[in-house]
Amino acid sequence: MKTLTIDHPLRTISYKVKDNSFPTPYELQVLDNYRLAHDQVWYMKRLFESEKAEAQLALINLHKLDEEQEELSRMLTFYKGELDINDKKLHANVDIHFQVELRNFYNSVIEQQQKLVRFYDHIGIRDREYTLITDTYYKEEKPVDPLHFTVLDFVFEHYEDMQVDIVSLDKDLQEFLAELSDVYRLLDAYIAQFNLLYRTYETVLKKTAQLTRSVQVFQVIWENQ
């Protein structure tokens with residue numbers, strides 16, 4: 001027996017074949033299909049890792065926007081404490097410099113809301129990728145299923161006519177299926193990460209909308225001028 005080794009980026013493929021063997025074209029094709037399955041799983045792994053990282057990065061940037069919103073909310077509490085909103089002559093009684101400060105704060109809130117709305121451009125890209133990935137690898141029949149992997153079935157069923165060593169091939173197959181299962185666990189982690197991103201965006205969006213409505217009370221200062 002001699003060992004055949006393929007240094008694949010997913011994992012090293014290794015099994016034994018008979019010395020001076022002459023495998024049939026079909027056996028060679030089946031074994032090549034096994035290698036092609038590694039190509040597909042390697043693509044899946046890179047895709048899931050990449051999208052999970054993109055979702056994590058988007059979440060970091062979203063947290064920065066949320067921190068801005070929280071700071072503006074604290075400022076709103078301060079400013080409302082400095083004013084009597086029910087004062088019908090509020091526009092006349094508020095110091096002009098304080099009016100400018102309030103106007104700057106108001107504009108900051110509107111700008112923060114617009115930034116959050118524009119942030120959906122990032123969410124939208126991730127959402128389209130999420131839909132494509134889950135439709136392909138999660139909701140429908142899996143392209144490469146660790147529980148129903150049939151690529152090598154012909155070789156195992158006709159092992160007496162094969163030149164490949166079945167014992168070593170089966171050992172390699174079990175290691176491949178373990179790696180494949182890890183890739184699907186990575187998919188689960190990616191899905192969880194994306195859902196966290198989406199839920200967080202919805203939460204921050206609601207908080208920002210509430211903040212934007214709240215600062216409208218200051219409009220009375222400028223509307224009466």
Side-chain angles (χ1 to χ4, degrees), residues 1-17 23 25-63 119-159 162-203:
M1 291 283 185
K2 61 181 179 181
T3 300
L4 190 152
T5 301
I6 301 174
D7 290 324
H8 195 279
L10 178 69
R11 54 175 294 278
T12 299
I13 305 170
S14 180
Y15 51 82
K16 295 179 180 180
V17 296
Y26 193 77
E27 180 180 356
L28 290 174
Q29 183 61 59
V30 169
L31 293 173
D32 191 52
N33 290 342
Y34 180 51
R35 192 267 308 165
L36 290 173
H38 283 68
D39 293 351
Q40 190 169 8
V41 176
W42 173 239
Y43 170 80
M44 291 163 55
K45 183 177 182 179
R46 287 185 298 152
L47 176 62
F48 302 159
E49 286 177 339
S50 174
E51 283 304 312
K52 182 172 180 288
E54 290 289 350
Q56 288 174 320
L57 180 60
L59 186 61
I60 291 172
N61 292 329
L62 181 58
H63 281 315
F119 190 80
Y120 186 77
D121 292 348
H122 302 287
I123 300 292
I125 293 173
R126 303 279 68 82
D127 186 44
R128 289 191 292 273
E129 289 295 328
Y130 174 82
T131 300
L132 179 61
I133 288 173
T134 52
D135 284 349
T136 303
Y137 301 104
Y138 193 79
K139 297 178 181 178
E140 304 297 334
E141 183 178 342
K142 295 179 174 64
V144 186
D145 191 337
L147 299 179
H148 302 93
F149 187 77
T150 61
V151 170
L152 295 175
D153 282 4
F154 179 85
V155 171
F156 290 124
E157 291 169 3
H158 301 86
Y159 68 93
M162 298 296 110
Q163 302 303 306
V164 64
D165 174 57
I166 299 303
V167 174
S168 61
L169 181 62
D170 183 63
K171 179 178 181 295
D172 190 85
L173 172 61
Q174 297 311 313
E175 293 175 358
F176 168 68
L177 294 178
E179 181 70 29
L180 178 56
S181 296
D182 287 343
V183 171
Y184 276 108
R185 279 190 284 273
L186 175 61
L187 172 61
D188 291 338
Y190 156 64
I191 290 174
Q193 183 67 55
F194 175 83
N195 287 331
L196 175 60
L197 169 64
Y198 207 90
R199 289 195 306 271
T200 303
Y201 182 71
E202 287 291 328
T203 299

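The figures that follow rest on heavy atoms only: side chains count, while hydrogens, waters and symmetry mates do not.
- Partner of L197 under the side chain to side chain contact (heavy atoms under 4.5 Å, CB included) criterion, chosen from I123, L57, I60, D127: I123.
- In this structure, the side chains of L180 and V144 come closer than 4.5 Å at one or more pairs of heavy atoms.
- For the atom pair CG of L152 and CD of E157, the computed distance is 11.0 Å after rounding to the nearest 0.5 Å.
- Using a 30° and 60° split on the angle between ring planes, F154 and Y26 fall in the perpendicular class, above 60°.
- Legend: residues meeting side-chain contact (heavy atoms from CB on, under 4.5 Å) with R128, ordered by chain and number and at least two apart, are I125.
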For this session: Evaluate the side-chain contact (heavy atoms from CB on, under 4.5 Å) criterion for residues H38 and I6: first the C-alpha distance (whole Å), next the side-chain angles of each, then the deciding distance (0.1 Å), finally the verdict.
Result: CA-CA 11 Å; H38 283 68; I6 301 174; over 6 Å; no

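- By the neighbour-count criterion of 12 heavy atoms within 6.0 Å, atom CD of Q174 is densely surrounded, having more than that number from other residues, nucleotides or ligands.
- Taking 4.0 Å as the cut-off between side-chain N and carboxylate O, R185 and D182 count as a salt-bridged pair.
- If you check the side chains of T150 and D153, you find no donor sitting under 3.5 Å from an acceptor.
- For the pair F156 and I166, the minimum side-chain heavy-atom distance is below 4.5 Å.
- In this structure, the side chains of T200 and H63 come closer than 4.5 Å at one or more pairs of heavy atoms.
- With T136 contributing its side chain and L132 its backbone, the two residues share a donor-acceptor pair below 3.5 Å.
- Inter-residue side-chain proximity for K45 and L10 is flagged as met; some heavy-atom pair is nearer than 4.5 Å.
- In this structure, the separation between OG on S14 and CD on E175 is 8.5 Å, given to the nearest 0.5 Å.
- Checked against a 6.0 Å centroid threshold, the rings of F48 and Y137 count as neighbours.
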Exercise. Between N33 and Q29, does a side-chain contact (heavy atoms from CB on, under 4.5 Å) hold up when you go through it step by step?
Worked result: CA-CA 6 Å; N33 290 342; Q29 183 61 59; 2.9 Å; yes

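- Between the E129 side chain and the E51 main chain, no donor and acceptor come within less than 3.5 Å of each other.
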Exercise. Stepwise, does the side-chain contact (heavy atoms from CB on, under 4.5 Å) test hold for L62 with F119?
Worked result: CA-CA 8 Å; L62 181 58; F119 190 80; 4.0 Å; yes

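- Outside the 6.0 Å centre-distance limit, the rings of Y130 and Y198 are not counted as a close aromatic pair.
- Residues L4 and I13 fail the side-chain proximity criterion, which asks for heavy atoms closer than 4.5 Å.
- To the nearest 0.5 Å, atom NZ of residue K52 and atom CZ of residue R126 are 14.0 Å apart.
- Using a 4.0 Å cut-off between charged nitrogen and carboxylate oxygen, R11 and D172 count as a salt-bridge pair.
- The structure places CG of L173 at 6.5 Å from CZ of F149, a figure rounded to the nearest 0.5 Å.
- Side-chain contact check for Y15 versus D170: every heavy-atom pair is 4.5 Å or farther apart.
- Side-chain N or O atoms of N195 include one that pairs as donor or acceptor with a backbone N or O of I191 at under 3.5 Å.
- Geometric assessment of K142 against the ring of Y184 yields a positive cation-pi assignment under the 6.0 Å and 45° thresholds.
- At distances below 3.5 Å, at least one donor-acceptor pair connects side-chain atoms of E27 with backbone N or O atoms of V164.
- For the residue pair Q193 and A55, the shortest heavy atom distance occurs at CG-CB, 3.7 Å.
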Exercise. Can D188 and Y138 be said to form a side-chain contact (heavy atoms from CB on, under 4.5 Å), step by step?
Worked result: CA-CA 9 Å; D188 291 338; Y138 193 79; 3.7 Å; yes

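- Judged as a side chain to side chain donor-acceptor pair (under 3.5 Å), the pairs with a partner in residues 1-10 (not counting sequence neighbours) are, in order, H8-D39.
- Atom CG of residue D135 and atom OG1 of residue T131 lie 6.5 Å apart, to the nearest 0.5 angstrom.
- Counting only heavy atoms from C-beta outward, the side chains of I133 and F194 never approach each other to under 4.5 Å.
- At least one side-chain heavy atom of Q40 sits less than 4.5 Å from a side-chain heavy atom of P143.
- Annotation: the span from E49 atom CD to E54 atom CD amounts to 13.0 Å, rounded to 0.5 Å.
- No donor-acceptor pair under 3.5 Å is formed between the side chain of S50 and the backbone N or O of L47.
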